[in-house]
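From a predicted model like this one, the values you see are computed outputs, not experimental measurements. Numbering of residues begins at 1 and proceeds along the displayed sequence. FYI, side chains are in, hydrogens and waters are out, and symmetry mates aren't considered; it's all heavy atoms of this structure. We count ligands from 1, going down the list as the structure has it; atoms in each ligand are counted the same way.
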Amino acid sequence: MKYGHFDDKNREYVITNPCTPWPWINYLGSEDFFSLISNSAGGYSFYKDAKFRRITRYRYNNVPMDSGGKYFYIKDGDSIWSPGWKPCKTELDSYECRHGMNYTVITGEKNGVSASVLYFVPLKTWAEVQKLTLTNNSGEVKKLKVFSFVEWCLWNAASDMENFQRNFSTGEVEIQGSVIYHKTEYKERRDHYAYYSVNVPVQGFDTDRESFFDLYNGFDEPQVVAEGKSHNSEAHGWSPIASHYIEAELKPGESKDFIFVLGYVENNADEKWESKNIINKRKAKETIAKFNTSSKVDAALDDLRKYWDNLLSIYTIDSGDEKLDRMVNIWNQYQCMITFCFSRSASFFESGIGRGMGFRDSNQDLIGFVHQIPGRARERIIDIASTQFPDGGCYHQYQPMTKRGNNDIGGGFNDDPMWLIFGTAGYIKETGDFNILDEMVPFDNDPSSARSLFDHLTVSFDHVIDNLGPHGLPLIGRADWNDCLNLNCFSNDPDESFQTTENKTEGSKAESVMIAGLFVVYGRDYIDLCIKSGKSAEADRAQKHVEAMIATIRKHGWDGEWFIRAYDYYGRKVGSHENEEGKIFIESQGMCTMAGIGLNEGLCTKALNAVKERLDCQHGIVLNNPAFTKYYIEYGEISSYPAGYKENAGVFCHNNPWIMIGETVVGNGDRAWEYYRKICPSYLEEISDLHKTEPYVYAQMIAGKDAYKPGEAKNSWLTGTASWNFYAITQYILGIRPDFDGLLIDPCIPTHWKGFKATRKFRGDTYRIEVLNPDGKSKGVKTVIVDDLPYKSNLIPVFGDGKEHKVKVVLG
Ligand code: BGC
Ligand code: NOJ
């Protein structure tokens, strides 16, 4: 069942039924000011950090789900309704929500009145703009009463939800004209306040929640709306809100716009006040003035559209398959940008107060958007590397505001260091900016310890070989990519965190074949970087270690039909036919086939066939099989999940692409494509009622074949799935792959494809690419024609003339 449809021309998903199986959301803002907004206007805003600068309040996991947001209430005679259906839930005559690139338009119609709200964060603006358009489609004059509503959060989203003995006494507001200012804690340590304005005179306002709703009413029936009149309440403590009351009279056919601005301001200490206890409103007024007419708002939206036109023009395809085109050209790229901005902090599954920026996650996210905004990728790489320790280990997470490593979680995830090589190499392949390797970057943010970024990559590489276990495979530490394979945790205490607990480390033999494979794949990138930087001795040294690792994997990492996953604390195999449960895992098959280990001897093909046979199912490739059905103290969190969910045999959409890429290594384009389609959201739109999460973005996990409800997805938006699937489809299946010295065209497509077209902007030039497949092949380039002349290789050079170049590639 579908709940809407794609509008590719406008790059929107149009939801036409408000009762989606889960709130289907969008993100506003891509720089400093951010909002999450659901299809019924639920959600919240924050400035930079969803924990420390939460601007409006949101209650996660509420009843009903997704209660609280940026609401408008319309009173038309006795009828009270909201354009997004919720919170009033009054039946509407029509409803539509258009989620676009960083903007959302929600439109409801009732009794001949249409109310449409455009929500977006203009570029370079610390505010969300909301344009409410009321239109009278009836034949009579309409006298409407409109009430806006937002609920302020007392800044720190965590203490906001717990420290009520304090919170209920701290709230402070100021009201001036049509602007409501939220200034809790501004008089002491905060240099910031928030405001909510409207561009017309108001007939009333409310800033105290209890006065607005009454203590016994929910979001669906505010007392003032029922009465048809504001109480003009001024909050002192308790829960400050902001609500404007506007009366609007509309003649038949008439339309009126009302512009609301929800903004954030920071003031220096010496300009905090206008007069005693009266905040300095200058910056707020400046922003409000920028958006006080419809034409200014429309121009700002136009700028935002142009910004996205530009970002999305860098990589476009025309494959003849609209579902593929809309993912590659629009939604997958959009999701990559969102994961870059938010890491794993704020979604409808991540509460914004939990995790900071992940070291491993942020490096992988880079790969999905580096072609769009390389400058920000560069900055991100330096930030991430600055949280590394001198021995190459890393803080697993850091906080975006302070950019400092997070001590609560610490380090010890032994895959982390290698991802820095992956991210940096990906950045350089895209940009050719080798200078980044000379940047001086501190360790653990201590400026006196700064060394070149290249040195950071060296210690990353060495961290693996300095921490080898009894078989010569990398020690796993607290976990590798799989946060739930905690082989040194041994926890029997439900109050301990699986991620930070290591009860048994003395003499641990826990090793990871996944990290071994990772080391081979990206160790090769490190070698290339050494060669390109003229460090040939270092390249030789690294080469020896990579070769040794390959030999070790072949000796101790091969189970006969597939790659072993790990060795546990006692040195026993994990992910082997010898095990009763968890005989085979996806991660080591992915990494080792991407590395091409034993390719010529058929090891990769065997491993991939085992994946097909044992891990693949209708909904994608599950993480392990058979699923664990009891708790294995020596494995940790993985066996805590019920079978079929999350890391215990769920379809982890993040590492399915590793297998897709592995299939391209052996040249099996049909299978790579089959795996791609299975988890790609646009192909799942028809089963939205089962899939549950948005059909325009990937979810982290789809319940696997062992689950109670296979096919049901969870944790949409913020997941490494976005960048990995984009990377797999664009660089390996379509095969348009940036390399250090040019753009490699090496597709591995399904045999039934006749070809495809693509446009790729790369280092200032524009490549108009046409791939032809007359012989029904998957892989192998027969001829290359560049600008109408035969060319010697499929590594297309950087022309450096800023012009368009035609590239025709024939497979065969
Ligand atoms: C989840 C992982 C996640 C980890 C870290 C676990 O409960 O299953 O996917 O990465 O927590 O927070
Ligand atoms: C989610 C985490 O963000 C990611 O870093 C990890 O690799 C996966 N879970 C798998 O455990």
**Q** Would you name the heavy atoms of I25 and E694 that are closest together and state the gap between them?
**A**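 Looking at all heavy atoms of both residues, the shortest contact is N-OE2, 2.9 Å.
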**Q** For atom 11 (O) of ligand 2, which protein heavy atom lies nearest, and how many Å away is it?
**A**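 Protein heavy atom at minimum distance: E647 OE2, 2.5 Å.
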**Q** Which parts of the protein, at residue level, reach under 4.0 Å of ligand 1 through a heavy atom?
**A**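 Protein residues near ligand 1 are R355, D483, C484, Q499, E637, Y641, K646, E647, Q700.
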**Q** List the residues meeting side-chain contact (heavy atoms from CB on, under 4.5 Å) with Y632, not counting sequence neighbours, and say none if there are none.
**A**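 In terms of side-chain contact (heavy atoms from CB on, under 4.5 Å), with neighbours along the sequence ignored, Y632 is linked to E581, F628, K630, E634, Y635, S639.
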**Q** Measure centre to centre between the rings of H396 and F413, then say whether the value is under 6.0 Å.
**A**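 Centroid separation for H396 and F413: below 6.0 Å.
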**Q** Which pair of heavy atoms, one from L475 and one from S508, lies closest together, and at what distance?
**A**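 Minimum heavy-atom contact is CD2-O, 4.2 Å.
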**Q** Please work out whether any backbone atom (N, CA, C, O) or any side-chain heavy atom from C-beta onward of H654 is under 4.0 Å from ligand 2, and answer side chain, backbone, both or neither.
**A**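 The answer is neither; H654 stays 4.0 Å or more away.
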**Q** For atom 2 (C) of ligand 2, what is the nearest protein heavy atom, given as residue, atom name and distance?
**A**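 Heavy-atom neighbour on the protein nearest atom 2 (C) of ligand 2: D483 OD2, 3.4 Å.
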**Q** Could you tell me whether the side chains of E496 and S491 share a donor-acceptor contact shorter than 3.5 Å?
**A**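 Yes, because at least one side-chain N or O of E496 sits under 3.5 Å from a partner of the opposite role on S491.
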**Q** Which residue owns the protein heavy atom closest to atom 7 (O) of ligand 2, what's the atom, and how far is it?
**A**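 Going atom by atom, the protein heavy atom closest to atom 7 (O) of ligand 2 ends up being W481 O, 2.6 Å.
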**Q** Please identify which atoms of ligand 2 are closer than 4.0 Å to at least one heavy atom of N482.
**A**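 Checking each atom against N482, I get 11 (O).
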**Q** Do the ring centers of W717 and W24 come within less than 6.0 Å of each other?
**A**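 Ring centres of W24 and W717 not closer than 6.0 Å.
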**Q** Using heavy atoms and a 4.0 Å limit, tell me yes or no: is Q700 in contact with ligand 2?
**A**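 Yes, that is the case, since the closest heavy atom of the residue is under 4.0 Å from the ligand.
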**Q** Begin with the C-alpha distance, continue with both residues' side-chain angles, and end with the deciding distance and a verdict on side chain to side chain contact (heavy atoms under 4.5 Å, CB included) for F652 and N482.
**A** CA-CA 10 Å; F652 237 83; N482 189 331; over 6 Å; no
**Q** Tell me the salt bridge (charged side-chain N to carboxylate O under 4.0 Å, His left out) pairs involving residues 673-682, sequence neighbours left out?
**A**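 Sorted pair list: K612-E674, D616-K678, E674-K678.
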**Q** Is it the case that ligand 2 has an N or O less than 3.5 angstrom from some N or O of D361?
**A**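 The answer is yes, given that D361 and ligand 2 share an N or O pair closer than 3.5 Å.
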**Q** Checking V328 now: which residues fulfil side-chain contact (heavy atoms from CB on, under 4.5 Å) with it, not counting sequence neighbours?
**A**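 If we apply the side-chain contact (heavy atoms from CB on, under 4.5 Å) test to V328, skipping adjacent residues, the hits are Y315, I317, L324, Y676, F726, I729, T730.
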